[in-house]
Every structure is written in C-alpha cells, then in structure tokens.
Amino acid sequence: MKANIERTEKKRVVIVGGGLGGLELAFKLAGGDFQVVLVDKNNYHQFPPLIYQVASAGLEPSSISFPFRRLFQGHKDFFFRMAEVKAVDAAGKTVVTSVGDIHYDYLVLAAGARTNFFGNKEIEATTLPMKSVSEAMQLRNTILRNLEKAETEEDPARRQALMNIVVVGGGASGVEIAGAVAEMKKNIIARDYPDLDSSQMHIYLVNAGKRLLAAMDPVSSARAERDLKALHVHIRQPQFATEYKDGILKTSAGLEIPARTVIWVSGICANTVEGLPAESIGHAGRILTDRFCRVKGVQDVFAIGDQSLIEGDEEYPLGHPQLAQVAMQQAKTVAENLKSLQCGGEEKPFKYRNLGVMATIGRNHAVAEIGGRKFGGFAAWVLWLVVHLRSILGVKNKAFILLNWVWNYLNYKQSLRLILKAKG
C-alpha cells in the first residue's frame with residue numbers, strides 16, 4: 001500500500017496522533033508554509049475530559065467526537081491518513097505505517113498514552129478501561145447490560161455482583177466516573193429499573209494512594225472524598241487491586257468485592273513507537289526531549305503531550321503533568337519554533353503556564369485550583385462546565401452538550417441509555 005501523498009516544494013510536517021496536542025499543532029500549521037500530514041488510527045478526534053460522561057450514558061459519543069476530514073475541509077496542503085504507525089526510521093526520515101511509508105522533513109509524535117495495567121495481564125483482560133470513546137461505549141453497554149440481567153436474576157449473590165460497580169484508581173478519571181455512576185444510582189435506577197432495589201447497588205472506589213486526587217492540594221482531596229461519601233461511594237484506600245478473577249476483585253488489604261463491572265483507571269503509560277533509540281525512552285515509556293520538545297538522540301523529531309517527558313525544566317524535574325493544557329501549550333511552542341526555523345529565526349524553549357486543575361464529583365459538586373485559589377461546590381462545578389463547554393469543537397456540538405446538561409440537570413430523562421452493539 002502507498003500513502004499516496006504527493007511531495008511539494010514545502011517542508012513536510014508529519015504529526016502522529018490527533019489528540020488535543022496533535023490537533024492543536026495541525027490547526028497552527030495547516031494552510032501555512034508547510035505541507036501537513038496527520039496520521040491517526042481513528043478518523044476522528046475525541047475530547048478526553050468528557051469520555052466518562054459517555055461511559056455513564058450522560059452524552060452521546062458523537063457529541064465529543066469530531067471527524068478530522070470535516071475539521072480540515074478546505075485547507076490546502078493538508079492530508080489525513082487513517083493508519084497505524086508501526087515504526088520510525090529516523091535515518092531515512094520515514095514513518096512506517098499500515099498504509100505505507102510516509103517521508104517527513106519534521107516529525108511530531110503526539111500519540112498520547114494508554115491505560116497502564118502494570119503488567120497484570122489477567123486484570124488487563126477482565127477489567128474495563130476508559131481511555132477512548134470506544135472503551136467508554138463498551139463500559140456503558142456493560143453497566144446497562146448487567147442491570148438488565150440483575151432484574152431477572154433469582155440468586156441474590158449473583159444479583160448483587162451484577163449491581164456492584166468497582167472503580168480502581170483515585171485520580172480525576174476515577175473520581176469523576178465514580179461520581180457519575182453514583183448520580184446514576186441516585187436519580188435513574190429506581191425509575192428505569194423499578195424491580196431493583198437501588199439501595200443495594202454499591203459503588204466502590206479503590207485507591208492505591210493515601211488520598212484521592214493526589215495531584216491536587218489535600219484540601220481538594222478531602223472535599224472530593226467528602227462529596228463522594230455523601231453520594232454513598234465506598235472509598236477503600238490506601239489499597240490496590242491485586243486480582244480480578246471469577247467476578248471477585250481482591251485488594252492488598254484482603255478485601256474481596258463481588259462485581260461484574262470493574263472500571264480500571266489506575267494510571268497511564270505512553271504509547272510506544274518502534275525505531276527510537278533506547279536512550280530516548282524514559283519513565284513509563286515517555287519519550288525524552290529537550291526544552292524545545294526535540295526527541296533525544298534523533299534529528300528533526302519532536303514529541304509532545306502525554307507521550308513526552310521534557311528534561312531540564314527545574315520546576316518539573318520529573319516531567320510535566322500529563323494534562324490537556326500541557327499538550328496544547330507544547331503544540332503551540334513547536335508550531336512557533338517550526339515557523340521560526342523556516343525564517344532562519346531562533347527557537348524558544350517550552351515554558352508551561354499552569355492554568356489550574358479541576359475535577360467534577362457530581363451534580364453541583366466539583367473541586368478547582370486556579371491561580372492559587374482552592375474552592376469547590378456549586379461555583380467550581382459551574383466553572384468546570386463552562387471551561388469544558390468552551391473547549392468543545394463546533395457550535396453544533398456545544399449546543400447539543402449544553403442542551404443535554406440542562407435537560408439532565410432538570411429531570412434526568414434523556415434517552416441515551418441504549419445498549420448499542422455494532423456487528424461486522
């Protein structure tokens with residue numbers, strides 16, 4: 001197969017990965033002095049902060065998914081190829097993909113990260129990750145399917161296992177999905193499943209750390225824990241999952257939880273790319289770069305976002321946090337530096353500007369840390385909604401999501417709780 005991209009006089013920038021960082025970079029370079037080639041295994045961009053709402057049947061997948069070809073319609077010298085990247089040939093300045101080799105003048109690796117199962121193949125095979133829209137759909141189907149089975153299950157022990165939900169991981173993703181499922185239990189189960197006793201549905205949050213939201217201040221952690229407990233989420237910490245077999249999750253503290261739905265959001269590791277030198281790979285598979293996002297040991301190759309780890313920043317000696325804002329700011333830096341190289345100018349090092357962090361726990365509850373201020377409750381929840389609504393691409397999608405949120409806030413009667421299975 002051939003990628004079928006004609007070379008021009010313009011320098012070619014190949015971007016691997018259409019996440020928040022890769023998409024931001026493509027927007028900054030498209031229509032300018034470069035030929036831009038975006039490569040992704042999917043034909044759409046997905047908005048990670050709201051994936052948990054798809055998993056909990058709060059939003060449709062199409063509300064947070066945007067086709068690349070639609071986003072870049074009318075842009076000259078822009079090409080998209082849906083392909084798997086197999087390796088990088090740095091000597092030949094080529095990306096080896098499932099649709100053929102793609103030559104580059106500059107290569108930017110922005111392929112993000114995947115769920116980290118810490119080498120436990122059994123847990124990887126039996127639990128449910130929540131890193132992509134497709135995984136969120138599988139999780140949504142599993143939750144709803146198990147509730148359907150519970151309504152007709154005569155054995156009390158098996159019915160309890162079908163109703164129990166365990167979330168493993170006390171970071172933002174774990175807190176948000178635990179809160180969303182708890183809201184579902186509180187406001188939906190009794191109405192949609194009248195033959196089930198909603199009080200018997202138990203939600204567990206298993207956290208290996210001593211507190212939730214370890215990346216935030218202890219004050220925010222305590223508030224998140226208090227809000228989750230108010231939603232009757234059973235928090236088990238510090239203990240980590242050791243085994244999930246025959247429908248029973250075991251923890252390091254000896255706890256055994258019967259559950260047919262176990263959500264694994266206990267960490268991430270960078271997606272790997274073959275062909276890079278061993279000295280350019282750091283902790284958790286992250287690609288080591290200098291302050292200009294240039295990959296260590298190779299020429300004209302950059303890495304941004306969750307996949308990268310910048311060395312030499314005294315404020316972040318262990319690397320920058322794997323957050324959306326980091327990826328987008330790195331993309332802007334790389335775009336400016338590439339444009340500067342074209343004009344013979346100087347490159348500028350990446351400097352992260354921390355705009356704050358937030359996490360939502362449930363209806364009217366969130367925690368936020370912005371500009372040195374730490375607050376929570378309704379104000380933080382509204383701010384979280386506004387920030388994420390502004391970040392969504394497209395007026396139509398913004399309108400649909402806002403309508404869903406308003407309707408959901410008023411009565412929880414949205415018709416999104418469908419078990420959809422594709423056949424092929």
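Taking 4.5 Å as the limit, some side-chain heavy atom of Ile310 sits within range of a side-chain heavy atom of Arg291. Within the 4.5 Å cutoff, no side-chain heavy atoms of Thr289 are placed close to those of Phe302. The closest side-chain heavy-atom distance from Phe117 to Pro129 is below 4.5 Å.
No side-chain donor from either of Gln322 and Gln307 sits under 3.5 Å from a side-chain acceptor of the other. A side-chain N or O of Glu369 and one of Ser220 form a donor-acceptor pair less than 3.5 Å apart. Looking at Thr94 and Asp101, their side chains never bring a donor and an acceptor atom within 3.5 Å of each other. Side-chain atoms of Ser98 and Glu84 include no donor-acceptor pair closer than 3.5 Å. For the 3.5 Å distance criterion, the side chains of Asn164 and Gln160 qualify, holding a donor opposite an acceptor.
Partner of Gln35 under the side chain to side chain donor-acceptor pair (under 3.5 Å) criterion, chosen from Arg12, Lys76, Glu6, Lys10: Arg12. The residue from Arg69, Met82, Arg81 that alone fulfils the side-chain contact (heavy atoms from CB on, under 4.5 Å) condition with Asn43 is Met82.
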Legend entry - CA sep, side-chain torsions, deciding dist, call: Phe68, Asp40, side chain to side chain contact (heavy atoms under 4.5 Å, CB included): CA-CA 9 Å; Phe68 292 121; Asp40 196 285; 3.8 Å; yes
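Annotation: Tyr316 is in aromatic contact with Tyr352 [ring centroid separation under 6.0 Å]. Taking the centre of each ring, Phe78 and Phe72 come in below the 6.0 Å mark.
Lys351 has a carboxylate O that lies under 4.0 Å from a charged side-chain N of Glu315, or vice versa, which qualifies the two as a salt bridge.
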